[in-house]
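Note sheet for the following structure.
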Amino acid sequence: QVQLVESGGGLVQAGGSLRLSCVVSGRTFSSYAMGWFRQAPGKEREFVAAINWSWSAISTYYGDSVKGRFTISRDNVKNTVYLQMNSLKPEDTAVYYCAARTGGSYYYPPSYLYWGQGTQVTVSS
């Protein structure tokens, strides 16, 4: 059984920063591509960032609304994926989820096999 546990959410003022972490357990972390999504009340789940990994290359992808402000990274030794969020805006307020996949489109939620429980991020104006 694969488990994903997010942490690092909280309340921050606009312009501030947070770093989310997601620890993956249960199977070989390096075999998964990882992603972050978010969902605000009354809205659909939105793609935030994804990271693919192989021995030869790392690829990262970002949603348009977070490009230049958020950075996704992973540590295959610690089985952890991170989301560094800078210059936060009130519209970034949402529950943030990490997810793991072995194939499919990085921006498409059904491509992901496993999901964490989510962590709340609230940005005040």
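- There is a side-chain donor-acceptor pair under 3.5 Å between Glu46 and Ser65.
- Counting all heavy atoms, side chain and backbone alike, Ala49 lies closest to Leu83 at CB-CD1, 4.1 Å.
- Between the side chains of Arg19 and Asn86, no donor-acceptor pair is found at a separation under 3.5 Å.
- With hydrophobic clusters built from ILVMFWY side chains whose heavy atoms lie under 4.5 angstrom apart, Ile72 does not share a cluster with Tyr82.
- The shortest side-chain heavy-atom distance between Arg38 and Tyr97 does not fall under the 4.5 Å cut-off.
- Aromatic pair Phe37/Trp115: ring centres closer than 6.0 Å.
- Close placement of the Tyr106 and Tyr61 rings is indicated, their centers lying within 6.0 Å of each other.
- Here the shortest heavy-atom pairing between Ala100 and Met34 reads CB-SD, 3.6 Å.
- The heavy-atom pair separating Trp53 from Ile58 by the smallest distance is CD1-CG1, 3.6 Å.
- Atoms CG and CZ, on Asn52 and Arg74 in that order, are 8.0 Å from each other to the nearest 0.5 Å.
- The shortest distance between side-chain heavy atoms of Leu20 and Thr119 falls below 4.5 Å.
- Atom OH of Tyr114 is surrounded by more than 12 heavy atoms from other residues, nucleotides or ligands within 6.0 Å.
- Shown here for Tyr112 and Ser105, the closest heavy-atom pair between the two residues is CE1-O, 4.1 Å.
- At a threshold of 4.5 Å between side-chain heavy atoms, the hydrophobic network of Ile, Leu, Val, Met, Phe, Trp and Tyr places Val23 and Tyr32 in two separate groups.
- Connection of Phe70 to Val123 is established within a shared hydrophobic cluster, with ILVMFWY side chains joined at heavy-atom distances below 4.5 Å, either directly or through further cluster members.
- In this structure the side chain of Phe29 never reaches within 4.5 angstrom of the side chain of Thr80, judged on heavy atoms.
- Atom OH of Tyr62 and atom CD1 of Ile51 lie 7.0 Å apart (nearest 0.5 Å).
- Annotation: side chain of Glu6 is not in contact with side chain of Leu4 (no heavy-atom distance under 4.5 Å).
- For the pair Val2/Val24, a side-chain contact is recorded, criterion being any heavy-atom separation below 4.5 Å from C-beta on.
- Between the Arg69 side chain and the Ser87 main chain, a donor and an acceptor come within less than 3.5 Å of each other.
- Between Met85 and Tyr96, the closest heavy-atom pair is SD-CE2, 3.9 Å.
- Across Ser31 and Thr102, no two heavy atoms sit closer than the pair O-CG2, 4.2 Å.
- Taking the charged nitrogens against the carboxylate oxygens, Lys67 and Asp64 do have a contact shorter than 4.0 Å, which makes a salt bridge.
- More than 12 heavy atoms of other residues, nucleotides or ligands sit less than 6.0 Å from atom CD of Gln120.
- Looking at heavy atoms from C-beta onward, Val81 lies in side-chain contact with Trp36 at the 4.5 angstrom threshold.
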